[in-house]
Visitor: 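Below you'll find the structure I mean.
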Amino acid sequence: MVCKVCGEKAQVEVRSRGFALCKAHYLDWFVKETEKAIRRHKMLSPGERVLVAVSGGKDSLALWDVLSRLGYQAVGLHIELGIGEYSRRSLEVTEAFARERGLPLLVVDLKEAYGFGVPELAQLSGRVACSACGLSKRYILNQVAVEGGFRAVATGHNLDDEAAVLFGNLLNPQEDALVRQGPVLPEKPGLAARVKPFYRFSEREVLSYTLLRGIRYLHEECPNAKGAKSLLYKEALNLVEKEMPGAKLRFLEGFLEKVQPRLQGEGEVALRECQRCGYPTTGAVCSFCRMWEAVYRKAKKRRLLPEEAVFHPHAEPTRAG
Ligand SMILES: [Zn+2]
Ligand SMILES: [Zn+2]
């Protein structure tokens with residue numbers, strides 16, 4: 001196996017695309033391929049300030065690295081979710097990354113900002129942990145972006161993530177979810193744009209980049225992720241990929257290019273301002289505020305909060321880098 005660029009011994013086989021590359025040319029290819037995806041979908045303008053959601057995992061740290069290399073003003077946002085040692089180590093790894101590279105990092109600590117982390121939230125909200133966590137992350141990411149004047153938020157979702165979401169949405173068909181999926185979600189009043197520059201890279205390709213670049217990341221998965229449906233979907237898709245290289249990318253791109261444009265969405269759902277926080281919602285009060293109001297009610301009943309405690313939707317990030 002030799003590098004298709006220089007003919008030296010290859011380090012990474014990009015099997016899905018039918019070539020292999022040496023370390024230097026792989027690093028080069030990966031960064032250029034990201035830039036291509038960004039241009040193709042007009043995700044960001046050159047040099048733009050962008051808020052990068054960083055968990056401390058391989059994907060988000062690689063994304064922060066690549067976006068900085070490409071000349072974007074990439075500011076990291078880490079949300080401390082309060083999931084025991086896992087969250088503590090996630091923050092540590094992320095801070096170390098920012099420090100070593102002199103990159104600006106913002107941190108929102110869920111427990112500090114609202115009183116409870118994900119484990120308590122799961123017990124008090126009537127939602128399962130991943131649902132409460134996902135909702136919190138989406139909301140806080142958007143809030144920090146809007147208030148910090150960022151037009152766009154970038155996340156490290158890769159091909160495996162996106163293909164698994166699509167697969168799941170086809171197994172449990174929901175037209176609106178199928179219409180919404182994509183590498184770019186445009187901005188709206190009160191809503192920052194969401195972009196996924198890594199959506200064409202497999203998990204393995206991102207991991208190869210992270211390792212070859214020598215990025216230190218948190219290997220450990222969130223303890224709540226065990227048994228998640230998305231892992232089953234990824235496994236099934238990887239089984240196919242193994243026999244049919246390129247299947248995952250064709251699946252996702254084929255859907256986005258050929259199928260999705262023909263789907264009839266419910267039309268634009270009118271967004272209004274949440275009565276509590278002012279951020280976009282389809283109802284009177286947004287699901288984030290509703291979740292926390294329910295949590296506060298229950299916490300007071302269980303005497304985990306004083307009777308006079310009031311939920312404040314606004315979280316102020318602290319600077320950590
Ligand atoms: Zn080479
Ligand atoms: Zn709200």
Side-chain angles (χ1 to χ4, degrees), residues 1-36 51 66 69 77 79 81 108-118 121 124-127 131-148 150 153 185 187-192 194 201 204-214 269-300 305 309-317:
M1 224 172 43
V2 295
C3 172
K4 78 155 180 177
V5 181
C6 66
E8 297 289 310
K9 189 178 173 336
Q11 286 258 14
V12 187
E13 186 186 9
V14 191
R15 208 167 156 247
S16 61
R17 324 245 177 136
F19 57 75
L21 295 165
C22 68
K23 176 177 170 178
H25 287 125
Y26 183 77
L27 291 174
D28 211 36
W29 172 78
F30 192 91
V31 173
K32 281 189 185 142
E33 199 66 16
T34 308
E35 176 76 318
K36 249 205 246 162
L51 189 64
V66 173
R69 278 172 198 280
L77 173 64
I79 303 171
L81 298 162
V108 170
D109 186 314
L110 200 61
K111 207 168 192 163
E112 247 165 51
Y114 303 108
F116 299 107
V118 167
L121 201 48
L124 296 168
S125 70
R127 285 172 177 262
S131 154
C133 179
L135 173 58
S136 303
K137 286 194 284 198
R138 278 193 302 278
Y139 181 91
I140 294 169
L141 198 51
N142 182 64
Q143 186 189 62
V144 172
V146 169
E147 278 158 39
F150 293 89
V153 168
L185 302 181
E187 58 181 324
K188 289 180 184 163
L191 271 186
R194 291 281 299 267
F201 291 127
R204 217 187 187 146
E205 286 159 11
V206 179
L207 178 61
S208 298
Y209 178 83
T210 310
L211 294 175
L212 290 177
R213 189 62 89 193
V269 236
L271 290 177
R272 29 210 281 224
E273 284 180 12
C274 168
Q275 287 170 4
R276 291 284 280 116
C277 68
Y279 278 92
T281 172
T282 49
V285 176
C286 76
S287 30
F288 184 77
C289 291
R290 265 188 289 135
M291 173 175 77
W292 280 103
E293 281 175 349
V295 164
Y296 271 53
R297 273 196 302 274
K298 197 168 252 178
K300 285 177 192 175
L305 278 181
V310 185
F311 162 65
H312 292 290
H314 184 83
E316 193 68 51

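Side chains included, hydrogens not; waters and symmetry mates left out as well; all remaining heavy atoms used. For ligands, and for the atoms within them, numbers begin at 1 and follow the listed sequence. The residues of the chain are indexed from 1 along the displayed sequence.
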Visitor: Give me the protein N, O or S atoms that fall under 2.8 Å of the Zn ion (ligand 1), sorted by chain and residue number.
Guide: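 Protein N/O/S atoms under 2.8 Å of the Zn ion (ligand 1): Cys3 SG, Cys6 SG, Cys22 SG, His25 ND1.
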Visitor: Output a table of donor-acceptor pairs, distance under 3.5 Å, between side-chain atoms of residues 2-16 and any protein atom two or more places apart or on a different chain; print 'none' if there are none.
Guide:
unit_1 : atom_1 : unit_2 : atom_2 : d
Arg15  : NH1    : Lys242 : O      : 3.3
Arg15  : NH2    : Lys242 : O      : 3.4
Ser16  : OG     : Glu205 : OE2    : 3.2

Visitor: Check whether Ser131 reaches the backbone of Arg127 with its side chain - one donor and one acceptor, N or O, closer than 3.5 Å.
Guide: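 A pair under 3.5 Å: no.
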Visitor: How are the rings of Trp292 and Tyr296 set relative to one another: parallel (under 30°), tilted (30 to 60°) or perpendicular (over 60°)?
Guide: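 Ring orientation of Trp292 relative to Tyr296: perpendicular.
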Visitor: For the pair Glu35 and Lys32, find out whether any cationic side-chain nitrogen is under 4.0 Å from an anionic carboxylate oxygen.
Guide: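 A salt bridge is absent here (no side-chain N lies under 4.0 Å from a carboxylate O).
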Visitor: Please check if the side chain of Tyr209 supplies one atom and the backbone of Leu27 the other of a donor-acceptor pair under 3.5 Å.
Guide: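 Looks like no, no N/O pair under 3.5 Å.
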Visitor: Check the orientation of Phe201 and Phe30. Use parallel for under 30°, tilted for 30 to 60°, and perpendicular for over 60°.
Guide: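 Correct class here is parallel.
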Visitor: Does any pair with a residue in residues 272-296 pass salt bridge (Lys or Arg N to Asp or Glu O under 4.0 Å), and if so which ones, sequence neighbours excluded?
Guide: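 Counting only pairs at least two positions apart or across chains, the salt bridge (Lys or Arg N to Asp or Glu O under 4.0 Å) contacts touching residues 272-296 are Arg276-Glu293.
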Visitor: Looking at Gly190, is its backbone amide N or carbonyl O close enough to the side chain of Asn142 to form a donor-acceptor pair, meaning the two atoms are under 3.5 Å apart?
Guide: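 Side chain of Asn142 to backbone of Gly190: a pair is present.
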Visitor: Output, by chain and residue number, all protein N/O/S atoms separated from the Zn ion (ligand 2) by less than 2.8 Å.
Guide: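 Under 2.8 Å from the Zn ion (ligand 2) - ignoring waters, which are not counted - the protein N, O or S atoms are Cys274 SG, Cys277 SG, Cys286 SG, Cys289 SG.
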Visitor: Using the six-membered ring wherever Trp is involved, compare the ring planes of Tyr139 and Phe288 and label them parallel, tilted or perpendicular (cut-offs 30° and 60°).
Guide: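 Taking Phe288 first and then Tyr139, their aromatic rings lie parallel (interplane angle under 30°).
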